[in-house]
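These notes are about the structure you will find just below.
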Amino acid sequence: MPRRTILSRAFYEHPPDAVARALLGKLLVRRFERRILAGRIVETEAYFGLDDPAAHAFAGKTKRNAVLFGPPGFAYVYFIYGMHFCLNISCEPEGQAGCVLLRALEPVEGIAAMTQLRGLAQHGSSRLIASGPGRLCQALGITRETHNGIDVTSSRSGLHIEDDGWLPPEIAVTPRVGIRKAAERPLRFAMAGSRFVSR
DNA sequence: GGAGCGATGTCCT
DNA sequence: GGACATCGCTCCG
């Protein structure tokens with residue numbers, strides 16, 4: 001069993017495309033009702049700040065997106081389309097508003113609990129448990145109320161990211177999904193060939 | 001397996 | 001008032 005270490009704040013203090021790429025293969029770990037829910041990150045997207053029309057931070061700092069302008073390594077959770085949450089991790093030094101959207105996980109631990117949180121049949125495929133940003137949040141029980149603004153570099157937060165030494169063999173780079181503005185920029189990163197990548 | 005579409009709350013103009 | 005970093009269902013091939 002290889003040693004697992006929690007990613008430190010320095011890991012996130014870089015441009016979002018670099019962090020998005022580096023997060024592939026890491027483990028997103030959530031403590032939930034005394035159990036551990038965890039999955040390997042297989043898909044991410046990078047969002048910049050004032051120079052990225054697709055980013056929430058593009059129009060400047062507001063009450064909703066304030067976390068993005070703070071220090072790196074904090075969760076930015078927002079509510080979208082009236083029913084879904086999306087989880088981002090802030091990056092770049094304080095004052096710069098980059099972030100990484102976590103889009104899909106390969107479930108690793110706590111699969112029965114994640115299946116239940118998703119409302120799926122217990123013995124079905126695990127492919128759809130966390131393949132998409134809304135599904136990922138539902139599978140881990142992540143909401144804006146419970147997780148926006150928490151520090152993901154602390155083991156006490158109940159949500160953090162670990163490195164167990166595993167590295168993805170091949171990374172595919174494509175345009176980002178579901179956006180209208182700046183839709184051509186290649187800022188989506190995925191583990192090539194993974195069944196757990198969305199759409 | 002893919003296109004079309006409705007559901008639904010929050011934020012900013 | 002409109003847009004929205006989505007999902008799951010239908011209908012069609």
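Chain letters run A, B, ... following the sequence lines, proteins first and then strands; every chain starts at 1. Below, each value reflects all heavy atoms present in this structure, side chains not excepted, and no hydrogens, waters or symmetry copies.
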For residues 72-81 of chain A, which side-chain donor-acceptor pairs fall under 3.5 Å, sequence neighbours excluded?
{"residue": "A/Tyr76", "atom": "OH", "partner": "A/His56", "partner atom": "ND1", "Å": "2.7"}

Check residues 22-34 of chain A and write down every donor-acceptor pair under 3.5 Å in which the side-chain atom is one partner and the other belongs to a residue at least two apart or another chain.
{"residue": "A/Lys26", "atom": "NZ", "partner": "A/Ala22", "partner atom": "O", "Å": "3.1"}
{"residue": "A/Arg30", "atom": "NE", "partner": "A/Leu140", "partner atom": "O", "Å": "2.6"}
{"residue": "A/Arg30", "atom": "NH2", "partner": "A/Gly141", "partner atom": "O", "Å": "3.0"}
{"residue": "A/Arg31", "atom": "NH1", "partner": "A/Ser155", "partner atom": "O", "Å": "3.2"}

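Under the side chain to side chain donor-acceptor pair (under 3.5 Å) criterion, A/Asp52 pairs with A/Arg176, sequence neighbours left out. Partners of A/Arg144 by salt bridge (charged side-chain N to carboxylate O under 4.0 Å, His left out), not counting sequence neighbours: none found. Annotation: side chain to side chain contact (heavy atoms under 4.5 Å, CB included) contacts of A/Ala104 (sequence neighbours excluded): A/Val42, A/Glu43.
Defined by atom type and a distance below 3.5 Å, a donor-acceptor pair is present between the side-chain atoms of A/Ser131 and A/Arg135.
In the 5' to 3' direction, nucleotides of DNA chain B lying under 4.0 Å from heavy atoms of chain A begin and end at B/dA7 to B/dC12.
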> Reading DNA chain B 5' to 3', how would its secondary structure be written in dot-bracket notation, given Watson-Crick and G-U pairs with both distances under 3.5 Å, brackets [ ] for crossing pairs and | for partners on other strands?
Replying inline: |||||||.||||.

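Residue pairs that meet the salt bridge (charged side-chain N to carboxylate O under 4.0 Å, His left out) test with at least one member in residues 106-121 of chain A, sequence neighbours left out, do not exist here. Applying the salt bridge (charged side-chain N to carboxylate O under 4.0 Å, His left out) test to every pair with at least one member in residues 54-64 of chain A, sequence neighbours left out, gives no pairs at all. A salt bridge (charged side-chain N to carboxylate O under 4.0 Å, His left out) check over residues 150-159 of chain A, counting only residues at least two apart or in different chains, returns the pairs A/Arg9-A/Asp151. Every pair passing salt bridge (charged side-chain N to carboxylate O under 4.0 Å, His left out) that includes a residue from residues 160-174 of chain A is listed here, sequence neighbours excluded: A/Arg4-A/Glu162, A/Arg40-A/Asp164.
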Show me the protein contacts with nucleotides 2-12 of chain C, counting only N or O atoms at under 3.5 Å.
{"residue": "C/dC4", "atom": "OP2", "partner": "A/Arg180", "partner atom": "NE", "Å": "3.3"}
{"residue": "C/dA5", "atom": "OP1", "partner": "A/His56", "partner atom": "NE2", "Å": "3.2"}
{"residue": "C/dA5", "atom": "N9", "partner": "A/Tyr78", "partner atom": "OH", "Å": "3.3"}
{"residue": "C/dA5", "atom": "N7", "partner": "A/Ala54", "partner atom": "O", "Å": "3.3"}
{"residue": "C/dA5", "atom": "N1", "partner": "A/Asn88", "partner atom": "OD1", "Å": "2.4"}
{"residue": "C/dA5", "atom": "N3", "partner": "A/Tyr78", "partner atom": "OH", "Å": "2.8"}
{"residue": "C/dT6", "atom": "OP2", "partner": "A/Gly178", "partner atom": "O", "Å": "3.4"}
{"residue": "C/dT6", "atom": "O3'", "partner": "A/Gly134", "partner atom": "N", "Å": "3.4"}
{"residue": "C/dT6", "atom": "O2", "partner": "A/His84", "partner atom": "NE2", "Å": "3.0"}
{"residue": "C/dC7", "atom": "OP1", "partner": "A/Pro133", "partner atom": "N", "Å": "3.4"}
{"residue": "C/dC7", "atom": "OP1", "partner": "A/Gly134", "partner atom": "N", "Å": "2.9"}
{"residue": "C/dC7", "atom": "OP1", "partner": "A/Arg135", "partner atom": "N", "Å": "3.0"}
{"residue": "C/dC7", "atom": "O4'", "partner": "A/His84", "partner atom": "NE2", "Å": "3.0"}
{"residue": "C/dG8", "atom": "OP1", "partner": "A/Arg118", "partner atom": "NH1", "Å": "2.9"}
{"residue": "C/dG8", "atom": "OP1", "partner": "A/Arg118", "partner atom": "NH2", "Å": "3.3"}
{"residue": "C/dG8", "atom": "OP2", "partner": "A/Arg135", "partner atom": "NE", "Å": "2.7"}
{"residue": "C/dG8", "atom": "OP2", "partner": "A/Arg135", "partner atom": "NH2", "Å": "2.7"}

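Residue A/Arg199 is classed as having no contact, given no heavy-atom separation below 4.0 Å to the nucleic acid.
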